[in-house]
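This report concerns only the one structure given below.
Every value quoted in this text rests on a predicted model; they were computed, and no experiment measured them. Throughout, protein chains are lettered first and strands after them, A, B, ... in sequence-line order, and every chain is numbered starting at 1.
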Number of protein chains: 2
Amino acid sequence: MKLSTRSRYAARAIIEIAKQRGEKPITRKVICESQQISSSYLENILIILKNQGIIKTIRGPKGGYSLAKDPADITMFDIVSVFEGSISAVHCVDDPTQCARYEKCPTKIVWEELMVAQQKVLKSFTIERLMEIDCKIPGLEYSI
Amino acid sequence: MKLSTRSRYAARAIIEIAKQRGEKPITRKVICESQQISSSYLENILIILKNQGIIKTIRGPKGGYSLAKDPADITMFDIVSVFEGSISAVHCVDDPTQCARYEKCPTKIVWEELMVAQQKVLKSFTIERLMEIDCKIPGLEYSI
DNA sequence: CCTATAGTCTACTTAATTGGTAGACTTATA
DNA sequence: TATAAGTCTACCAATTAAGTAGACTATAGG
C-alpha cells in the first residue's frame with residue numbers, strides 16, 4: 001500500500017512548478033535543488049507528467065516546466081494514478097472478468113470500498129488547494 | 001498502491017477458516033484446494049497470522065487452523081496491516097521525525113488523509129460482517 | 001551562425017521485493 | 001509407531017523500483 005517515490009516526487013515537483021504561477025517556466029535544476037531530488041531521476045517523472053498533459057515544457061535557454069492547465073483542474077488523483085497505474089488495491093476491482101468468483105466474493109467488497117475511499121481523498125486535493133496550504137521554509141528539505 | 005497477494009490470500013484464507021465456526025480446525029490442504037493457493041506459499045502467510053495472534057494452530061493428525069478470537073474482533077485492518085507493514089502510503093505519516101519539512105509540507109496532508117480513509121474502511125470490515133456477506137459457489141475459484 | 005542552455009531519448013545498473021518452492025524436522029493422534 | 005499434520009530454514013526466479021550515464025535535439029541571444 002506504499003506509494004512509490006515517483007508519485008511523491010511528482011507531487012512535490014508539481015507544487016514547485018505551480019509556485020511559478022505561470023510567470024515563467026522553472027528549470028529542472030531549480031526543482032531538484034529545492035526538493036533534493038536527482039535530476040536524471042526527476043527527468044523520467046516529468047516526462048510522464050508531460051505526456052499526461054499535466055505539465056508542459058519549453059526547450060532551450062529560458063526553457064523549463066510549467067503547468068499545462070489551471071491548478072484548480074489538477075488533482076492529486078491525476079498525478080498519483082499515472083504512477084500507480086490504477087489506484088485500486090486489487091485487479092478484480094478494475095476488471096471483474098479476471099475473477100470467476102467475482103460476483104459473490106466477500107473480500108471484493110472490501111477492496112472496492114477501499115478504492116472508492118482513496119479516490120475520494122485524492123480527488124479532493126487540487127493543486128490550487130495545496131498551494132493555499134503550502135508555505136515556504138528555506139533551508140529545510142524533504143527526507144523522503 | 002496495490003495490495004500484495006499475501007494480504008489478499010490471507011483475507012481469503014481467514015474467511016475459509018472462519019467458515020468452520022470453531023467446530024474443528026481446518027487443514028491447510030483444504031484451504032488451498034478451495035482457494036487455489038499453493039500450500040507452501042500459504043504456509044508462510046498462515047505462520048504470520050498465527051504469530052500475530054489472529055489464528056491458532058494444532059499440529060499432528062486432526063490438526064489444522066482455527067481463529068484465535070471472535071470473528072467480530074478481527075478486522076480487515078488487522079489482517080492487511082500485518083502484510084503491508086503500516087498501511088500508510090508514505091513513511092513520514094508514520095514517523096514525522098523522518099522529514100525535516102514535515103510540519104509545513106503540503107503533500108503530507110494528502111497522505112495523512114489517505115491513510116485515515118483507508119484505515120476507516122478496513123476497520124469497518126470484521127470477519128463476522130464478511131461471513132454474512134459470504135456465499136458459497138462450489139466449482140468456482142478466485143483467479144487472483 | 002555559434003554557443004550555451006535546457007529538455008529528450010535510450011539504455012543501462014543495482015537493490016529490493018514479490019511470489020513461489022523444496023526438504024528436513026517436529027508434534028501428536030490413533 | 002506410523003502417519004497426518006504444522007514448522008523451520010533456505011533457497012530461487014521474475015519483476016519492479018530507484019537511480020545513473022551519455023549522446024542528442026531544440027532554441028534564445030549575441
Side-chain angles (χ1 to χ4, degrees), chain A residues 1-10 12-13 16-17 20 24-33 35-52 54-68 80 82-86 89-91 142-144, chain B residues 1-10 12-13 16-17 20 24-33 35-52 54-68 80 82-86 89-91 142-144:
Chain A
M1 298 283 281
K2 286 275 177 283
L3 229 46
S4 67
T5 61
R6 306 229 300 292
S7 291
R8 292 183 278 119
Y9 286 180
R12 283 157 52 189
E16 207 68 23
I17 293 166
Q20 299 303 107
K24 58 177 195 288
I26 184 174
T27 65
R28 199 163 69 231
K29 191 159 172 281
V30 172
I31 300 172
C32 292
E33 277 164 9
Q35 292 291 332
Q36 303 286 112
I37 302 172
S38 126
S39 180
S40 329
Y41 191 45
L42 187 60
E43 188 212 308
N44 304 323
I45 293 165
L46 292 175
I47 284 272
I48 292 167
L49 291 173
K50 180 197 168 189
N51 294 337
Q52 291 297 316
I54 295 169
I55 60 173
K56 59 188 175 189
T57 62
I58 298 173
R59 295 171 73 153
K62 308 270 177 186
Y65 303 87
S66 51
L67 296 187
V80 168
V82 179
F83 297 100
E84 311 299 318
S86 151
V90 172
H91 304 295
Y142 295 82
S143 69
I144 49 164
Chain B
M1 298 283 282
K2 286 275 178 284
L3 230 46
S4 67
T5 61
R6 306 229 300 291
S7 291
R8 291 183 279 120
Y9 286 180
R12 283 157 52 187
E16 208 66 24
I17 294 166
Q20 299 304 107
K24 56 176 196 290
I26 184 173
T27 66
R28 199 164 68 232
K29 192 158 172 281
V30 172
I31 300 172
C32 292
E33 280 166 6
Q35 292 291 332
Q36 303 287 112
I37 302 171
S38 125
S39 180
S40 328
Y41 191 46
L42 187 59
E43 188 213 310
N44 304 324
I45 293 165
L46 292 174
I47 283 269
I48 291 167
L49 291 173
K50 180 198 170 191
N51 293 338
Q52 291 296 315
I54 295 169
I55 60 173
K56 59 190 176 189
T57 61
I58 298 173
R59 295 169 73 152
K62 306 270 179 191
Y65 303 86
S66 51
L67 296 187
V80 168
V82 179
F83 297 100
E84 310 300 318
S86 150
V90 173
H91 304 296
Y142 295 80
S143 69
I144 51 162

Practice problem: Could you tell me whether B:Lys50 contacts a base, only the sugar-phosphate backbone, or nothing, with contacts defined as non-hydrogen atoms closer than 4.0 Å? | Solution: sugar-phosphate
Practice problem: In whole angstrom, give the distance that lies between atom CZ of A:Arg28 and atom P of D:dT20. | Solution: 13 Å
Exercise. Rounded to the nearest 0.5 Å, what's the gap from CD1 on A:Ile17 to CD1 on A:Ile31? Could you check?
Key: 4.0 Å
Quiz item: Quick one: does B:Phe83's side chain get under 4.5 Å of B:Leu3's, heavy atoms only?
Solution: no
Exercise. Could you run through nucleotides 14-26 of chain C and give me one letter per nucleotide, 5' to 3': B if any protein heavy atom sits under 4.0 Å from the base, S if only the sugar-phosphate is that close, - if neither?
Key: -----BBB----B
Quiz prompt | Contact summary for A:Ser4 and A:Glu84, nearest pair of heavy atoms | solution = OG-OE2, 2.8 Å
Practice problem: Using whole Å, report how far NZ of B:Lys56 lies from P of D:dA5. | Solution: 19 Å
Quiz item: Which nucleotide, C:dA28, C:dG7, D:dT27, lies nearest any side-chain atom of B:Pro61?
Solution: C:dA28
Quiz prompt | Minimum heavy-atom distance A:Gln20-A:Ile26, with the two atoms named | solution = CG-CB, 3.7 Å
Practice problem: Select base, sugar-phosphate, or nothing to describe what B:Ile58 touches, counting heavy atoms under 4.0 Å on all strands. | Solution: sugar-phosphate
Quiz item: Roughly how far apart are B:Lys50 NZ and B:Tyr65 OH, rounded to 0.5 Å?
Solution: 8.5 Å
Quiz prompt | Between C1' of D:dG29 and NZ of A:Lys62, the distance in whole Å | solution = 9 Å
Quiz item: Atom CD1 of A:Ile45 to atom P of C:dT8: distance rounded to whole Å?
Solution: 14 Å
Practice problem: Respond yes when some side-chain nitrogen or oxygen of B:Thr27 is under 4.0 Å from OP1 or OP2 of D:dA4, and no when none is. | Solution: no
Practice problem: For B:Ile31 and D:dA5, give me the distance from atom CD1 to atom C1', rounded to whole Å. | Solution: 12 Å
Quiz item: Can you check the B:Ile17 CD1 to D:dG6 C1' distance for me, whole Å?
Solution: 12 Å
Quiz prompt | salt bridge (Lys or Arg N to Asp or Glu O under 4.0 Å) against B:Lys29, all qualifying residues, sequence neighbours excluded | solution = B:Glu33
Quiz item: Just how far, in rounded Å, is P of D:dA18 from CD1 of A:Ile48?
Solution: 12 Å
Self-check item: Rounded distance (nearest 0.5 Å) linking atom CG of B:Leu42 with atom CD1 of B:Ile47
Solution: 10.5 Å
Self-check item: Rounded distance (Å) that lies between atom P of D:dG6 and atom CG of B:Leu49
Solution: 14 Å
